[in-house]
Amino acid sequence: MIDLNVLRENTDQVKKSLKNRGYELDVDFFHQLEQQRKDIQIKTQEIQQERNNLSKQIGILKAKGDDTEKIMQQVASISARTKDYEIQLQEVQQKLNNFLLNIPNLPHNSVPVGSNEKSNLLLKKIGDIPKFNFDVKDHVDLGNTLGLDFETATKISGSRFVFMKHDIARLHRAIGQFMIDTHVEKHNYIECYTPFLVNSESLLGTGQLPKFGHDLFLTKKTDNENLYLIPTSEVSLTNSVRDEILEEDSLPIRLTALTPCFRSEAGSYGRDTRGMIRQHQFDKVEMVQITKPEHSYKALDEMLSHAENILQALELPYQVVTLSSGDMGFAAAKTYDIEVWIPSQNQYREISSISNCEDFQARRLKSRYKNADGKNILVHTLNGSGLAVGRALVAIMENNQNAHGEVIIPKVLSKYMNGNKIITKAK
RNA sequence: GGAGAGCUGGCCGAGUGGUCGAAGGCACUUCCCUGCUAAGGAAGCAUACGGGUUUAAACCUGUAUCGAGGGUUCGAAUCCCUCGCUCUCCGCCA
C-alpha cells in the first residue's frame, strides 16, 4: 500500500510514476473519495462528540440523583442519526481503502523505465554457455529415462504437475537441501518451516490479494473460512512480522525456508506447457529480510549475491537483469531477476527474482520497529528466490547432460547424493 | 469430537453499565538525590485517523480501538449473540 499522505501531497508525481509501470491512477476518483471521506468524517465526529458529551452528563446527573428524562430523550434522537453517519463513514473508508489496496508500489528512481521486459537492463553475465558436440536434449527427453514422469502426474492430478522417481527425485531434494544449507551456514539466515496454507489477511499483507486471487489455490477450511495455498513462502515468512512492533536491534531479520509453492497459472495457458518450467506446484527456497529503511538497498544487493552464490556453486551460467518499471511485480519498488541458461531453449530463463518492497508491504502488514526516540517506523521488506528448485533441476539436467543422455551431478551436490557423480538411466 | 476456563496497552495485571483509553506493577525515557556498582524520589510513556496550529518538530483538540463482528442501551472493556484464538481435562490421531 502506498502512503496516503504521499498520494495526497504529490498526486501528480505519483500518477506519473505509476504510469511508468502501466497503472493509470484515477485522480478525479481519488479526490472525490477524499472529499467525501472528509465531509462525512467531520460530521460523524461532531455528532459523536455531542452524543458522548450528553451521555456523560447523564451519568453525572444520575450520580447526583437529578432528573435525566429530558436529556435522555435529546440524546436518543442524536444517537439515531449517529448510526447513519457511522455507516456512511464506514462505507467511504472502505472504498478508499480498496482503492489504495489496488495501487501498485512506486518504482525506485534507479529502475529503468519501460512498459515490458524489453526494457530490462542487463547487469552482468556470469559463466560460460556450454557447447555440446551432440544434439542436446531438453529435460523432458532426458527425464524420460532418468525418472521425470509427467504422464503419471497428469493421471493423478492433471497438467502442469510432475512425478519424480529414482535419482532425479533425490537430486531434486539435494538441490533444495544444498540451497537452504548454504543460506543458513554461509549467509546468516534463520531456517524456517512455515504453514503452506494461509489466511486471506496474510495474502493481503504481502499484496497477492485483493488483486491477484485468480493465481491462488483456494481451499475450504470451514463453511465460513477459506485458506489459500502459498504461491511462495514469501507470504508465510514475511507475515511472521505482521502486526508486530519489533525491537530496533532485532533488525535486520533474515529468514529462509524451503517450501512447495502453488500457483494456478490462470493467466498463462499455452505458455511453457512442456516440462517443468511452469508448474502448479514447485519447490522454492525463499530468502526474506526485514530491515530498517536506510539499509534495504544494501540488503537487496546482498540478497542478489546470496542467490548468485548458489548458481556459481552449481556452476550454472546465468545473467542478472534489473527489471524495468513495467515488468515488476505489484509490491516491488526494485527487482533483480537472475536468469539461468537453458540449452534446449537457447536462452536464459528466470530462476530467481529478488525484490525490495520498501515499506509497501510493511504498511499493509503494520510491521514496525521502535526507534531510539520511541517512534514506530515502518520496516522495509525484501524477498528473493534463492532459488527455484524445479527450474534449478531443469538447468542442471540440461547443462550437465552428456552424449549418453546422462547427467553429471554438480560437485557441491555429490555429498547429498551418496557421493555419486552422475545420474544414469533408471532401471 | 465432548466438557470447562479465558482473551484488557511492549509485557504482567485490576476493572461487571456512567467523567475508563483504562488502577497497579514490570520494562523503557528524562530529570533529581546519594561517593558507588545498586537503591530512592519526580515526571513521561498505546495505536490509527481527523481538525486546529506551526517553516517544521512539538503542541492543542476530536473520533475510534479492551480478540473480531453484530445486538441491547441515552451510555458497553463491563450485559446478550455469532465467530476466531489460547489453556485444562476426556476421546481420537501421524
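Lettering follows sequence order; numbering is per chain, from 1.
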Using a distance-only criterion (donor-acceptor N/O pair, under 3.5 Å, no hydrogens), is the base of B:G18 paired with the side chain of A:K62?
yes

For the ring pair A:F150 and A:F163, is the centre-to-centre distance below 6.0 Å?
no

Distance check: side-chain N/O of A:K370 vs OP1/OP2 of B:A46, anything under 4.0 Å?
no

A:Q279 side chain vs A:G275 backbone, donor-acceptor pair below 3.5 Å:
yes

Any strand counts, and the cut-off is 3.5 Å on both contacts for Watson-Crick or G-U wobble. Which nucleotide pairs with B:C36?
none

What is the separation between atom CZ on A:R51 and atom C1' on B:U73, rounded to the nearest whole Å?
11 Å

Interatomic distance at C1', B:A46 relative to B:A5, whole Å
28 Å

Point-to-point distance, once rounded to the nearest 0.5 Å, from NE2 of A:H280 to CG of A:L229:
12.0 Å

With a 4.0 Å cut-off on N to O distance, would you call A:E398 and A:K137 a salt bridge?
no

Distance check: side-chain N/O of A:N52 vs OP1/OP2 of B:G75, anything under 4.0 Å?
no

If B:U65 has a Watson-Crick or G-U wobble mate with both distances under 3.5 Å, name it; if not, just say none.
B:A46

Suppose we define a pair by two distances each less than 3.5 Å, Watson-Crick or G-U wobble; what does B:U54 pair with here?
none

